[in-house]
Amino acid sequence: METVKDNTARTFMELMRVPVQFYRTIGEDIYAHRSTNPLKSLLFKIYLYAGFINFNLLVIGELVFFYNSIQDFETIRLAIAVAPCIGFSLVADFKQAAMIRGKKTLIMLLDDLEDMHPKTLARQKEYKLANFEKTMKRVINIFTFLCLAYTTTFSFYPTIKASVKFNFLGYDTFDRNFGFLIWFPFNATKNNLIYWIMYWDIAHGAYLAGIAFLCADLLLVVVITQICMHFNYISMRLEDHPCNSNEDKENIEFLIGIIRYHDKCLELCEHVNDLYSFSLLLNFLMASMQICFIAFQVTESIVEVIIIYCIFLMTSMVQVFMVCYYGDTLIAASLKVGDAAYNQKWFQCSKSYCTMLKLLIMRSQKPASIRPPTFPPISLVTYMKVISMSYQFFALLRTTYSNN
């Protein structure tokens with residue numbers, strides 16, 4: 001069995017470190033309710049809301065640009081180029097709104113998980129925490145890299161390209177371009193001062209959108225990993241219980257404790273659904289369109305644009321896969337509880353014990369899951385459906401564009 005790094009027990013806050021620290025860079029403090037510095041909390045909140053006001057003004061600019069571009073077939077390709085960025089921005093906005101709306105639920109969920117977290121190294125070995133943490137860290141690192149790579153390339157590629165051309169290739173002028181297609185009610189490239197102010201304003205808006213998009217999903221990964229760990233521990237306890245026929249009282253006390261533990265895990269899953277259901281619904285609907293429009297850009301653009309949009313495409317596909325993978329893992333972990341209960345030597349126990357065990361098995365046959373409204377429970381099947389839908393939109397778009 002893999003040991004925990006440095007042979008020290010991992011606290012819950014260490015597992016939460018990445019999303020918590022990234023959130024704070026945009027002013028969102030998940031643990032503001034524990035802060036002993038009200039001024040610091042107020043400044044964080046002002047920074048967060050000011051950032052989102054600025055970001056949403058930029059989104060309005062993208063929407064106006066999109067509307068203007070679809071008025072003429074000659075500029076419709078520009079509309080297709082800005083469409084996935086609009087989709088990404090709206091999903092980031094909605095995820096942050098869901099976090100704010102469900103702040104009490106989020107606090108309750110994280111506090112409960114922290115209370116349930118195994119505190120000692122010996123207990124963490126029993127829970128196989130190291131195995132769950134290893135997978136979780138790999139997923140977090142990959143998705144964080146892709147998400148930040150997308151916002152960074154879109155934000156900084158135009159100015160890097162212009163700098164190289166101006167400073168090293170002998171061009172007479174510095175091309176004042178932005179990484180995102182946005183309509184402004186004024187000339188944003190009129191002079192260097194206005195250009196650089198707007199450039200860094202857009203860069204901050206892109207970073208804020210990327211972090212809001214990223215951290216909501218990282219939180220989901222950490223929470224589902226913890227819940228799956230608890231379901232797995234319940235399964236191990238059930239399978240390893242000796243079910244001694246001469247110790248009926250101990251058997252029943254053990255099973256009562258397991259049922260309460262299982263019920264608490266199911267309650268945590270409902271908190272996850274309360275927090276994420278609507279944002280994930282929009283996420284999957286937008287993802288189908290995003291992947292379609294990005295794929296179209298990849299097939300119809302020059303090499304440098306293809307590279308940038310390939311990063312965007314990978315980010316979108318990995319994000320959908322990650323959510324579906326953890327949804328599938330949650331279903332499998334909760335179903336395993338029923339299998340473990342049945343694999344006990346229950347036939348050696350009393351009728352009361354068997355009746356209680358049967359109720360536990362019946363409850364576990366309705367697995368815990370992430371359920372967006374009107375969608376079936378999220379699993380790897382959902383991922384296949386999203387990709388299939390994206391391809392259908394892409395084929396329709398290519399055919400329509402080619403015929404004109």
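Residues take their numbers from the sequence shown, with the count starting at 1.
When all heavy atoms of Ala212 and Ala92 are compared, the closest pair comes out as CB-O, 4.0 Å. In terms of heavy atoms, Thr151 sits closest to Ala206 at CG2-O, 3.5 Å. For the residue pair Val91 and Phe213, the shortest heavy atom distance occurs at CG1-CE1, 3.5 Å.
In this structure, Ile302 CD1 and Gln297 CD are separated by 10.5 Å, a value rounded to the nearest 0.5 Å. Here the straight-line distance linking atom CE of Met136 with atom OH of Tyr326 works out to 7.5 Å at 0.5 Å rounding. Between atom CD1 of residue Ile259 and atom CE of residue Met356 there is a gap of 4.0 Å, rounded to the nearest 0.5 Å.
Asn192 and Arg176 are linked by a side-chain donor-acceptor pair at a separation below 3.5 angstrom, with hydrogens and angles left out of the test. Between the side chains of Thr105 and Asp274, not a single donor N or O lies within less than 3.5 Å of an accepting N or O.
Residues His230 and Tyr127 bring their aromatic ring centres within 6.0 Å.
Between the side chain of Ser364 and the backbone N or O of Ile361 there is at least one donor-acceptor pair closer than 3.5 Å. Counting only distance, with no hydrogens or angles, the side chain of Tyr47 and the backbone of Thr25 share a donor-acceptor pair below 3.5 Å. Side-chain atoms of Ser390 come within 3.5 Å of backbone atoms of Ser288 as a donor-acceptor pair (strictly under, hydrogens ignored). Listed for the Asp72 side chain is a donor-acceptor partner under 3.5 Å among the backbone atoms of Glu74. Side-chain atoms of Tyr150 never come within 3.5 Å of backbone atoms of Gly210 as a donor-acceptor pair (strictly under, hydrogens ignored). Between the side chain of Ser279 and the backbone N or O of Lys95, no donor-acceptor pair lies under 3.5 Å. In terms of modelled atom types and a separation under 3.5 Å, the side chain of Tyr276 and the main chain of Ala216 share a donor-acceptor contact. Looking only at distances, a side-chain donor or acceptor of Ser235 sits under 3.5 Å from a matching main-chain atom of Phe231. With hydrogens and angles ignored, the 3.5 Å screen pairs no side-chain donor or acceptor of Tyr383 with any backbone N or O of Ile378. One N or O on the side chain of Gln124 and one on the backbone of Arg10 form a donor-acceptor pair closer than 3.5 Å.
The side chain to side chain donor-acceptor pair (under 3.5 Å) test with Ser350 singles out one residue from Asn251, Asp248, Thr355, and that residue is Asp248.
Using the six-membered ring where Trp is involved, Phe312 and Phe154 have ring planes that are perpendicular, over 60° apart on the 30 and 60° scheme.
Ion pair Asp111/Arg34 flagged as a salt bridge, since at least one NZ, NE, NH1 or NH2 atom sits closer than 4.0 Å to an Asp/Glu carboxylate oxygen. One finds a salt bridge joining Glu28 and Lys103 here, because a Lys/Arg side-chain nitrogen approaches an Asp/Glu carboxylate oxygen to under 4.0 Å.
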Run Asn187 and Ile194 through side-chain contact (heavy atoms from CB on, under 4.5 Å) and show every step you take.
CA-CA 9 Å; Asn187 186 355; Ile194 296 175; over 6 Å; no
Kindly indicate, with the supporting measurements, whether the criterion side-chain contact (heavy atoms from CB on, under 4.5 Å) is fulfilled by Tyr353 and Gln344.
CA-CA 12 Å; Tyr353 182 89; Gln344 276 191 338; 2.8 Å; yes
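Counting heavy atoms of neighbouring residues, nucleotides and ligands inside a 6.0 Å radius, atom OH of Tyr342 does not exceed 12 of them. No more than 12 heavy-atom neighbours from other residues, nucleotides or ligands sit within 6.0 angstrom of CZ on Phe168. Other residues, nucleotides and ligands place more than 12 heavy atoms under 6.0 Å from the CZ atom of Phe184. Environment of CH2 in Trp200: sparse, with no more than 12 heavy atoms of neighbouring residues, nucleotides or ligands closer than 6.0 Å. No more than 12 heavy atoms of other residues, nucleotides or ligands lie within 6.0 Å of OH in Tyr325, so this atom counts as exposed by the packing criterion. Within a 6.0 Å sphere centred on CZ of Phe145, heavy atoms belonging to other residues, nucleotides or ligands number 12 at most. Within a 6.0 Å sphere centred on NZ of Lys119, heavy atoms belonging to other residues, nucleotides or ligands number more than 12.
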Would you be so kind as to tabulate the donor-acceptor pairs closer than 3.5 Å made by side chains of residues 263-271, with sequence neighbours excluded?
| from | atom 1 | to | atom 2 | distance (Å) |
| --- | --- | --- | --- | --- |
| Lys264 | NZ | Asp112 | OD2 | 3.1 |
| Glu270 | OE1 | Arg371 | NH2 | 3.1 |
| Glu270 | OE2 | Arg371 | NH2 | 3.2 |

Which donor-acceptor pairs under 3.5 Å do the side chains of residues 12-21 make with protein atoms, sequence neighbours left out?
| from | atom 1 | to | atom 2 | distance (Å) |
| --- | --- | --- | --- | --- |
| Glu14 | OE1 | Thr11 | N | 2.8 |
| Glu14 | OE1 | Thr11 | OG1 | 3.4 |

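Between Asp29 and Lys40 there is no side-chain heavy-atom pair separated by less than 4.5 Å.
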